[in-house]
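Below is one structure, written out as structure tokens, with a few remarks after it.
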Amino acid sequence: MSRIIYTHTDEAPMLATVSFLPILEAFSHAAGIDIETRDISLAGRIVAAFGDLLPEDQREADALAELGELAKTPEANIIKLPNISASVPQLKAAIAELQGQGIALPDYPENPQTDEEKDVRARYDAVKGSAVNPVLREGNSDRRAPAAVKNFAKTHPHRMGAWASDSKTSVATMGADDFRSNEQSVVLEDEGALSIVHVAADGAETVLKASIPVLAGEVVDSTIMRAEALDAFLRAQVAAAKEQGVLFSLHLKATMMKVSDPILFGHAVRAFFPTLFTQYGDVLAAAGLSPNNGLGGILAGAEDLEEPVRAGIRAAIDQDLADGPALAMVNSHKGITNLHVPSDVIVDASMPAMIRTSGHMWNADDAEQDTLAVIPDSSYAGVYQATIEDCQENGAFDPTTMGTVPNVGLMAQKAEEYGSHDKTFEIASEGRVEVRDASGAVLMSHEVAAGDVFRACQAKDAPIRDWVQLAVRRSRESGMPAVFWLDPSRAHDRNLIAKVEEYLAQEDTEGLDLRILSPVEATKHTLARVRRGEDTISVTGNVLRDYLTDLFPIMELGTSAKMLSVVPLMNGGGLFETGAGGSAPKHVQQLVEEDYLRWDSLGEFLALAESLRHLARTADNPRAAVIADALDRATETLLNNDKSPQRKLGTIDNRGSHFYLALYWAQELAAQTEDAELAAAFAPIAADFAASEETIAAELLAVQGKPADIGGYYRPEPAKAAAVMRPSATLNAIVEKISAAL
Ligand SMILES: NC(=O)C1=CN([C@@H]2O[C@H](COP(=O)(O)OP(=O)(O)OC[C@H]3O[C@@H](n4cnc5c(N)ncnc54)[C@H](OP(=O)(O)O)[C@@H]3O)[C@@H](O)[C@H]2O)C=CC1
Ligand SMILES: O=C(O)CCC(=O)C(=O)O
Ligand SMILES: [Mg+2]
């Protein structure tokens, strides 16, 4: 039997899976393929983290660890749906829900003191933030809009907000004293181990990290964000937004940058609420209410404090809101601001969403307004400023004519910033931080003050070489020019440029247009081509991979969820991610309120076809190729017949789109001539689906419009979720018959 692993994740994609998986299993069975699921949801990962401490009957295997090992083998064929990268507030909510379901989990220790509490905290911290993707991504990233999807977007353009030439929207970034400007970088000649040591002003040494294994040829960088400069910068932006009459909004990646960015977020909360922290800073700290978890956590925690402190805190917050600039809102109806929850505004998706909406965000009156987008570190902020300037000059992008920008991203083996969590520290006291080799020689050194954020990153040589080869291959296969977005004014990028030049020289690049430009120059170059309808591959590091695979798809297709996202694993396996989009929490809310799920599973369909094709190649299963090609044709028909989920009640939603996919897929299999046995088996199934179309559509539409009970948010009850997500008895019966057909 050939095997595909389909991941069980969170929120909208997990609910979509409840509906789609039975269909997928039935069709795959016909090709002798086993679909196995593994639970890598936030809830599943929490339970697995306490495997040894829970009562026997509550223990669950660590599926993520298993898949992480599998990803290093040639047999890996994993379809990875988006999952929650949890902030602390989300983590606590998930723990509470699981406790409510009777699972004997400890509370999240806010301020761990005993060894036991420290152990609990370490387990929870390992589950926090972007804890899944870095484990599975044992390869570099190839994300693109398939031709059928791009063509559909050109003929059915999504709405784009017009840009005014007098738009006051802009990006503010530090440019000095930040991660970018303080960066140092070395290329290691030999394998070994590094250490990170803090040397206090009096010479006392504290080991921050005892041993970082390194390989020969690896690029290692270190840098710091200066707290004092950050505070001055943030205060200046609060004043600037007020003076310019624009919204203040902060854009970070507190999920993936799970150690550094919540700290930066906390600094912004302090800068925006000076009265609150001057008057109540000590009270909040004593109550364990950290600004790093956002205004939402402070407001909720203040409820437990005594009067008059409680009223005083609220008054101070109101005072600061009245004194400061208007604050961008995440949900103006519920009064949720940009500074409420660190994971509510995630830069990769939030900046493109703003650019798509005329450079606006929402204010407290639920109206659009120009915005000062605050992105403290200047490494990548210039990309957004250049894009904004382009729109101010030339107007909004036109999805009917614009070129496409696929991405080849350096990602494997926790490359660059996204692998830096275990090497990121908030500095306790003045002195310097040194990165030393095993002999004690100092490779890099930074003067530091208390509160500065130190960060070290690694990029291994083999992934860098693989990334250059992937870029050459994609440029060759697509016929598109490719631009390496690397900045000669950054220490890390200078080392990468040298490697790119070395490895490109070893490839056959005859006739290819490959160049290296700084991110801002690359943005300008790419956008000029985009406006002429020309296509350009962006070849980037891990962070720009993340940013650009939302930025361009959101302009081109309306959402990054429609992207094909392939990770050719370095040891020969395949990881197929579904789009670049996340798990869309607001979709679950809509489902629970009115039994309508607008999640678009297009990303799953595209990933599945690639996964099947990979299986056909690696497991010598020609039938897998037949059902893959049939699936791609079915997906194209689905797009052209407009059977993707719409957005409003009374139209087909996610479940309806799964039915139509099954119908078209069965019809394609019945019609193909490569595999007669398969065609014969699917002919009656296709006929059944077609004959029942009206009944099934009616059964699926009938449930809409009233609240749906799935019995949990982070871990819904399987039976309730299945009842909600599979409401058509007619459809379920036909799906059942497929497995018996072959
Ligand atoms: N690979 C992964 O595992 C990723 C996980 N995440 C996680 O997702 C959560 C939410 O993050 P957020 O930044 O809000 O990003 P999301 O991508 O979840 O949501 C952004 C917006 O994209 C649109 N969208 C995304 N996917 C789909 C889809 N399949 N069908 C229809 N619309 C879609 C919706 O916008 P619109 O209303 O405009 O249609 C949605 O509101 C977080 O927990 C985050 O950690 C985020 C990114 C990647
Ligand atoms: O892992 C995450 O938290 C998000 C991943 C992401 O945004 C991406 O890969 O595009
Ligand atoms: Mg992303």
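If you read the sequence from its start, that first residue is 1, and numbering goes on from there. Every number for a ligand or one of its atoms is a count from 1 in the order of the listing.
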Atom 13 (O) of ligand 1: the protein heavy-atom neighbour that sits closest, reported with distance to 0.1 Å: Ile346 CD1, 3.6 Å

Numbered atoms of ligand 2 (with element) below 4.0 Å of Lys253, judged on heavy atoms: 4 (C), 6 (C), 7 (O)

Classify the contact between Asp600 and ligand 1 as side chain, backbone, both or neither, using a heavy-atom distance cut-off of under 4.0 Å. both

Which of Asp493, Asp377, Asp487 passes side chain to side chain donor-acceptor pair (under 3.5 Å) with Arg180? Answer is Asp487

Test log, rule salt bridge (charged side-chain N to carboxylate O under 4.0 Å, His left out), inputs Arg715 and Asp39: CA-CA 11 Å; Arg715 178 163 273 186; Asp39 182 354; 3.1 Å; yes

Is the closest heavy atom of Met411 to ligand 2 under 4.0 Å? no

Would you check if the distance from the ring center of Tyr660 to the ring center of Trp665 is below 6.0 Å? no

Can you tell me if His587 has a non-hydrogen atom under 4.0 Å from ligand 1? yes

At under 4.0 Å between heavy atoms, is it the side chain or the backbone of Met257 that contacts ligand 2, or both, or neither? neither

List every atom of ligand 2 that sits less than 4.0 Å from any heavy atom of Ser130, numbering the atoms from 1 in the order shown and giving each element. 1 (O), 2 (C), 3 (O)

Looking at Leu42, Thr7, Asn133, which one forms a side-chain contact (heavy atoms from CB on, under 4.5 Å) with Asn83? Asn133

At under 4.0 Å between heavy atoms, is it the side chain or the backbone of Arg647 that contacts ligand 1, or both, or neither? side chain

Between Asn641, Thr635, Thr637, which is the residue that forms a side chain to side chain donor-acceptor pair (under 3.5 Å) with Tyr664? Asn641

Which residue and heavy atom of the protein sit nearest atom 47 (C) of ligand 1, plus the separation: Gly582 CA, 3.4 Å

Arg143 neighbourhood, listing ligand 2 atoms whose heavy-atom distance to it stays under 4.0 Å: 8 (C), 9 (O), 10 (O)

Using the salt bridge (charged side-chain N to carboxylate O under 4.0 Å, His left out) rule, take Arg123 and Asp125 through it: C-alpha gap first, then chi angles, then the decisive distance, then the call. CA-CA 5 Å; Arg123 290 174 193 240; Asp125 280 350; over 6 Å; no

Apply side chain to side chain donor-acceptor pair (under 3.5 Å) to the pair Asn407 and Thr549, showing each step before the final yes or no. CA-CA 7 Å; Asn407 177 267; Thr549 58; 5.8 Å; no

Exactly one candidate in Arg143, Arg545, Lys80 meets salt bridge (charged side-chain N to carboxylate O under 4.0 Å, His left out) with Glu577; the answer is Arg143

Report, in ascending order of atom number, the atoms of ligand 1 lying under 4.0 Å from any heavy atom of Ile84. 43 (O)

With heavy atoms of Ser85 as the reference, note each atom of ligand 2 found under 4.0 Å away. 1 (O), 2 (C), 3 (O)

Verify the distance criterion only: is there a donor paired with an acceptor across the side chains of Glu417 and Tyr380 at less than 3.5 Å? yes

Can a protein heavy atom be found under 4.0 Å away from atom 10 (C) of ligand 1? yes

Exercise check, heavy-atom protein proximity under 4.0 Å to atom 43 (O) of ligand 1: yes

Strictly under 4.0 Å, does any heavy atom of Arg137 approach an atom of ligand 2? yes

Of the backbone atoms (N, CA, C, O) and the side-chain heavy atoms from C-beta on, which set of Ser85 has a member under 4.0 Å from an atom of ligand 1: side chain, backbone, both, or neither? both

Tell me which part of Asn133 gets within contact of ligand 1: side chain, backbone, both or neither, using heavy atoms under 4.0 Å. side chain

Atom nearest to the Mg ion (ligand 3) - Asp348, N, O or S atoms considered: OD2

Min heavy-atom dist Arg545 to ligand 2 below 4.0 Å: yes

May I ask which of Gly581, Ser583, Ala12 has a heavy atom nearer to atom 8 (O) of ligand 1 than the others do? Ser583

Go through ligand 1 atom by atom and flag the ones less than 4.0 Å from a non-hydrogen atom of Ala580. 48 (C)

For the rings on His614 and Phe576, is their centre-to-centre separation under 6.0 Å? yes

Any luck finding a side-chain donor-acceptor pair between Ser583 and Asp10 under 3.5 Å? no

How does Asp348 reach ligand 2, if at all, at less than 4.0 Å between non-hydrogen atoms: by side chain, backbone, both, or neither? side chain

Within 4.0 Å of some non-hydrogen atom of Ala349, the atoms of ligand 1 are 13 (O)

Numbered atoms of ligand 1 (with element) below 4.0 Å of Ala561, judged on heavy atoms: 26 (N), 27 (C), 28 (C), 29 (N)

What protein heavy atom sits nearest atom 7 (C) of ligand 1, and how far away is it? Asn83 O, 3.5 Å

Look at Asp550 and state whether any of its N, O or S atoms is less than 2.8 Å from the Mg ion (ligand 3). no

Are any non-hydrogen protein atoms located under 4.0 Å from atom 20 (C) of ligand 1? no

Which ligand 1 atoms, with their elements, are less than 4.0 angstrom from a heavy-atom of Pro585? 10 (C)

List the atom of Ile46, the atom of Tyr124, and the distance in Å for their closest heavy-atom pair. CG2-CE2, 3.8 Å

Pairs of nitrogen or oxygen atoms closer than 3.5 Å, one from Lys80 and one from ligand 1: do any exist? yes

Face-on cation placement of Arg455 at Phe179 ring, 6.0 Å and 45° thresholds: yes

Near Pro82, which atoms of ligand 1 are under 4.0 Å from a heavy atom of that residue? 2 (C), 3 (O)

Proximity to ligand 1 by part of Ala86, non-hydrogen separation under 4.0 Å: neither

Within the structure, is a non-hydrogen atom of Arg598 found at a distance of less than 4.0 Å from ligand 1? yes

If the contact criterion is a heavy-atom separation under 4.0 Å, does Gly603 count as touching ligand 1? no

State the atoms of ligand 2, each with its element, that fall below the 4.0 Å cut-off from a heavy-atom position in Asn133. 1 (O), 2 (C), 4 (C), 5 (C)

Among all protein heavy atoms, pick out the one at the shortest distance from atom 18 (O) of ligand 1; state its residue, atom name and that distance to 0.1 Å. Ala584 N, 2.6 Å

Quick one: pull up CG in Asp344 and CD in Gln90 and give me the separation to the nearest 0.5 Å. 8.0 Å

Hydrogens and angles aside, do Ser85 and Thr255 bring a side-chain donor and acceptor to less than 3.5 Å of each other? no

Measure the distance from atom 23 (C) of ligand 1 to every protein heavy atom, then report the residue, atom name and distance (to 0.1 Å) of the closest one. Thr559 OG1, 3.9 Å

Under 4.0 Å between heavy atoms, the region of Arg356 that gets near ligand 1 turns out to be side chain

Closest N/O/S atom of Asp546 to the Mg ion (ligand 3), by atom name? OD1

Tell me whether His156 contacts the main-chain N or O of Phe152 through its side chain, where contact means a donor paired with an acceptor under 3.5 Å. yes

